**Student:** 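What follows is a single structure, and I will ask about it in a moment.
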Amino acid sequence: MIDWSCIDTVLLDMDGTLLDLHYDNAFWFDHLPRTWGERRGLGLHEARSVIHGQAESRRGTLDFYCMAYWSELLELDVAALNTELAHLIGLRPQVPEFLEWLGAAGKRRVLVTNSHRSGLDFKLARTGLAAWLDEIICAHDLALPKEAPDFWPRLQAQQGFDPARTLLVDDNAHVLRAARDYGIGHLLAIAQPDSRAQPQFLPDLPMLESFRQLLPQT
């Protein structure tokens, strides 16, 4: 699937790529609207509709991913609430093996996430993911989400990678297309970000069903 001799740097998303997106979906689609709705006398369906309407209006911006923004908007400590489903946080299959293999092969492993810093730090502490990475980049520190075209030159200027010799693995089609437009030479889209949801199909992007596909065959 990949000619590794053509790749020096591997950019890796976190939620839905290295981590199972089930945790995030359970939080944003159920736990948060349920808790917020109960405090306002709203049923789950109505609370979910209100929150998702607000989310759609901020999609593609850093606010969409920012716990501070949501805490202020909903008058709720979203970061604290986020920890209540910690038992659902988990690595996707073969992630440690893949990251270890990349390191042994001399590839630079860079986590690039839109996740808010508080959520990022919490998940890193729960999973030990940092031990398999060479660099961790939070999009909030670059003041743009990964979907934004200007994010990619900022990231490249900071990290100094050669776009043509870089692989991006992500579950977000908008992010992958923005990276492709910038010139990132190798792309893989995660086929099933949430292990308990249906796979996605992105006809214009190469799909990755399992990290096992990228490991040397023994």
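No experiment lies behind these values; they were computed from the predicted model shown.
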**Student:** Restricting to ring-ring contact (aromatic ring centres under 6.0 Å, His included), what partner residues turn up for H116, sequence neighbours left out?
**Tutor:** H140
**Student:** Taking ILVMFWY side chains as joined if any heavy atoms are under 4.5 angstrom apart, and letting links pass through other members, which residues group with F64?
**Tutor:** Y65
**Student:** Can you name the residues that form a side-chain contact (heavy atoms from CB on, under 4.5 Å) with A197, not counting sequence neighbours?
**Tutor:** D194
**Student:** Is there a side-chain contact between L120 and I136 in this structure, where contact means two heavy atoms from C-beta onward sitting under 4.5 Å apart?
**Tutor:** yes
**Student:** Enumerate the salt bridge (Lys or Arg N to Asp or Glu O under 4.0 Å) contacts for residues 101-120, please, sequence neighbours excluded, ordered by first and then second residue.
**Tutor:** R108-E135, R109-D134, R117-D121, R117-D141
**Student:** Mind checking the CE-OG1 spacing from M14 to T127? Nearest 0.5 Å is all I need.
**Tutor:** 8.0 Å
**Student:** Hey, any chance L32 and L88 share a hydrophobic cluster, counting ILVMFWY side chains that come within less than 4.5 Å of each other, even indirectly?
**Tutor:** yes
**Student:** Looking at every heavy atom in both S71 and A79, which two are closest together, and how far apart are they?
**Tutor:** OG-N, 4.3 Å
**Student:** Other members of the hydrophobic cluster containing I137, with the 4.5 Å side-chain heavy-atom rule, please.
**Tutor:** L11, V110, V112, L142, L144, F151, W152, L155, F161, L168, V175, L176, Y182, I184, L187, L202, L205, M207
**Student:** Is it the case that over 12 heavy atoms from other parts of the model lie below 6.0 angstrom from the CZ atom of R165?
**Tutor:** yes
**Student:** Taking side chain as C-beta onward, heavy atoms only, is K146 less than 4.5 Å from N172?
**Tutor:** no
**Student:** Would you check if L188 and L214 make a side-chain contact, meaning some heavy-atom pair closer than 4.5 Å?
**Tutor:** yes
**Student:** Restricting to ring-ring contact (aromatic ring centres under 6.0 Å, His included), what partner residues turn up for H52, sequence neighbours left out?
**Tutor:** F29
**Student:** Distance alone, cut at 3.5 Å: any donor-acceptor contact between the side chains of D171 and Q200?
**Tutor:** no
**Student:** Could you tell me which residues satisfy side-chain contact (heavy atoms from CB on, under 4.5 Å) with D3, sequence neighbours excluded, listed by chain and number?
**Tutor:** S5, C6
**Student:** Which pairs count as side chain to side chain donor-acceptor pair (under 3.5 Å) when at least one residue sits in residues 72-90, sequence neighbours excluded?
**Tutor:** Y23-N82, H31-E84
**Student:** Just to verify, what does D63 make a side-chain contact (heavy atoms from CB on, under 4.5 Å) with, not counting sequence neighbours?
**Tutor:** R58, T61, Y69
**Student:** Name all pairs fulfilling the side chain to side chain donor-acceptor pair (under 3.5 Å) condition that reach into residues 35-45, sequence neighbours left out, sorted by first residue then second.
**Tutor:** none
**Student:** Report, one line per pair, each donor and acceptor closer than 3.5 Å where one atom sits in a side chain of residues 89-104; sequence neighbours left out.
**Tutor:**
unit_1, atom_1, unit_2, atom_2, d
R92, NH1, T17, O, 3.3
Q94, OE1, S210, OG, 3.3
E100, OE2, W132, NE1, 3.3

**Student:** Mind checking what makes salt bridge (Lys or Arg N to Asp or Glu O under 4.0 Å) contact with R180, not counting sequence neighbours?
**Tutor:** D204
